[in-house]
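Both ligands and their constituent atoms are indexed starting at 1 by order of listing. All values below were derived from every heavy atom in this structure, side-chain atoms included, with hydrogens, water molecules and symmetry-related copies excluded.
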Amino acid sequence: MAESRPVLDIVAPFLNEAPSALAFAELLAALEAAVAERFGMDVHKILVDDGSRDDGAKRFSQVLTGSWEIVRLSRNFGKEVAVLAGLDQSRGDMVLIMDADLQHSMDISLKLIAELVEHPDIDVVYAQNDRREASWRRSQLARLFYSLINSSQRFDIPENAGDFRVMRGAVARALTSLRDKRRFNKGLFAWAGFRQKALPYSPENRASGTSKWSRLNLIAFSLEGFTSFSVIPLRLISLSGLLAAFAGAVYGAKVFFEVIFYGIAVPGYPSLLVAVVLLGGLNLTLLGLIGEYVWVTLSESKDRPVYIVRDVVRSDVAPDRLAPGAREA
Ligand code: UDP
Ligand code: MG
């Protein structure tokens with residue numbers, strides 16, 4: 001038997017990407033050839049079907065070459081969870097995570113891998129989206145989000161860093177030990193630590209279809225980031241409560257003095273209404289926010305698996321591995 005070469009696992013989650021299956025399989029084949037030639041590594045591909053409603057998994061199984069497996073989840077769990085399902089299957093010396101929609105090019109992938117191969121002291125190289133296409137308002141919002149979420153912790157969640165990254169096997173294994181059910185990968189990557197390096201890039205346009213991120217999705221996802229990684233909103237609540245109480249006290253004192261010393265009648269009705277509506281609204285908003293945290297606590301405390309595997313389809317040459325996330329039906 002030939003001496004075994006280091007293995008690069010490529011993890012790619014997909015949801016309804018049948019139209020780009022052939023093109024992505026070709027990209028993977030080209031990437032595999034380049035990785036073998038430049039770095040002397042074997043490639044194993046781990047695709048995760050995140051509950052697609054089209055026949056993407058079948059399409060992929062027809063067009064993928066070499067060593068691959070397709071993990072089919074029992075339903076749509078979201079990209080963050082699908083990435084975990086892929087990492088759970090991975091045993092490679094290095095792991096590359098990329099999208100299946102052709103937005104992550106072979107060129108950048110090779111650059112990421114080269115960076116990791118050439119720098120033994122670095123454990124993770126991630127692609128940092130330079131967001132050329134984003135509007136000013138959107139990038140300001142993103143900046144605010146990151147400065148808020150990073151304001152009180154020992155690790156920084158870098159801006160514009162997504163799942164597109166390559167890491168050493170040890171990092172991938174560390175990530176799989178984080179079993180958050182409501183996953184915010186950016187935060188988990190940062191939490192896990194290791195030596196990480198950024199490589200700026202601009203994503204390609206989508207090959208087909210549209211992004212699965214709606215504005216509402218983004219808001220919900222940001223909230224997820226806060227509730228899993230930041231206590232700042234809760235502190236802001238306490239602070240605003242304190243401020244409101246203080247303002248109330250000052251106003252109360254003013255009214256008191258006016259009545260006692262100047263005999264001015266209290267103009268009651270409008271100020272009362274303002275106070276009631278303001279505080280009532282604030283109360284409800286903040287109660288909702290606390291509710292978010294309670295909800296996260298509840299969902300994390302249930303002993304459910306993070307995801308369920310329906311089945312795993314493998315190429316003949318793929319190593320036979322058990323899906324650890326899989327539970328017997
Ligand atoms: N994806 C997934 N599950 C989901 C949503 C998306 O596996 O619930 C996959 C999708 O098929 C693609 C990748 O995750 O390969 C990135 O998704 P998308 O292009 O919608 O996100 P964007 O590129 O806009 O960040
Ligand atoms: Mg995309």
Side-chain angles (χ1 to χ4, degrees), residues 10-28 31 45-60 63-64 68-90 95-106 108-109 126-135 138-139 141-142 145 157-165 181-189 201-222 224-225 306-310 312 323 325:
I10 300 181
V11 168
F14 67 92
L15 171 67
N16 302 335
E17 306 284 6
S20 59
L22 179 60
F24 186 58
E26 284 169 358
L27 185 153
L28 287 176
L31 188 57
K45 293 151 245 104
I46 305 169
L47 273 67
V48 182
D49 180 357
D50 187 18
S52 295
R53 291 185 186 282
D54 60 14
D55 61 348
K58 196 169 139 228
R59 293 276 299 129
F60 270 117
V63 292
L64 283 169
W68 56 263
E69 63 191 287
I70 301 174
V71 181
R72 287 201 287 183
L73 302 185
S74 60
R75 63 170 167 85
N76 177 244
F77 283 88
K79 185 195 173 186
E80 312 282 305
V81 170
V83 166
L84 174 72
L87 290 178
D88 277 338
Q89 291 297 94
S90 143
V95 184
L96 169 74
I97 305 175
M98 70 191 299
D99 286 359
D101 59 4
L102 301 176
Q103 284 195 279
H104 298 161
S105 71
M106 155 153 167
I108 312 287
S109 306
Y126 60 89
Q128 192 161 35
N129 188 342
D130 61 14
R131 258 186 219 263
R132 269 199 307 235
E133 83 295 358
S135 70
R138 197 139 171 178
S139 53
L141 270 179
F145 172 78
I157 301 177
E159 219 175 306
N160 303 341
D163 296 318
F164 189 19
R165 54 182 63 218
K181 285 160 196 130
R182 299 166 63 98
R183 295 182 83 78
F184 182 66
N185 278 351
K186 291 178 211 290
L188 296 173
F189 290 142
Y201 88 113
S202 337
E204 308 289 320
N205 288 329
R206 238 173 180 287
S208 69
T210 53
S211 168
K212 274 107 202 164
W213 289 104
S214 67
R215 192 160 300 183
L216 226 76
N217 273 164
L218 271 178
I219 294 174
F221 191 60
S222 312
E224 201 95 70
V306 186
Y307 60 88
I308 292 182
V309 173
R310 178 165 168 254
V312 183

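- Between K186 and A161, the shortest heavy-atom distance links the atoms CG-O, 3.3 Å.
- Counting heavy atoms of neighbouring residues, nucleotides and ligands inside a 6.0 Å radius, atom NZ of K181 exceeds 12 of them.
- Protein residues are said to neighbour a ligand when one of their heavy atoms lies under 4.0 Å from it; for ligand 1 these are P13, F14, L15, E17, D50, N76, G78, K79, D99, A100, D101, Q103, R206, S211, K212, W213.
- Nearest N/O/S atom of D101 with respect to the Mg ion (ligand 2) is recorded as OD2.
- Between the side chains of Y307 and D88, at least one donor-acceptor pair of N or O atoms lies under 3.5 Å.
- Between atom CD of residue Q103 and atom OG of residue S20 there is a gap of 10.0 Å, rounded to the nearest 0.5 Å.
- Judged by the 6.0 Å distance and 45° axis criteria, R75 is positioned over the aromatic ring of F77.
- Partners of D99 under the side-chain hydrogen bond (donor to acceptor under 3.5 Å, both in side chains) rule, at least two apart in sequence or in another chain, are K79.
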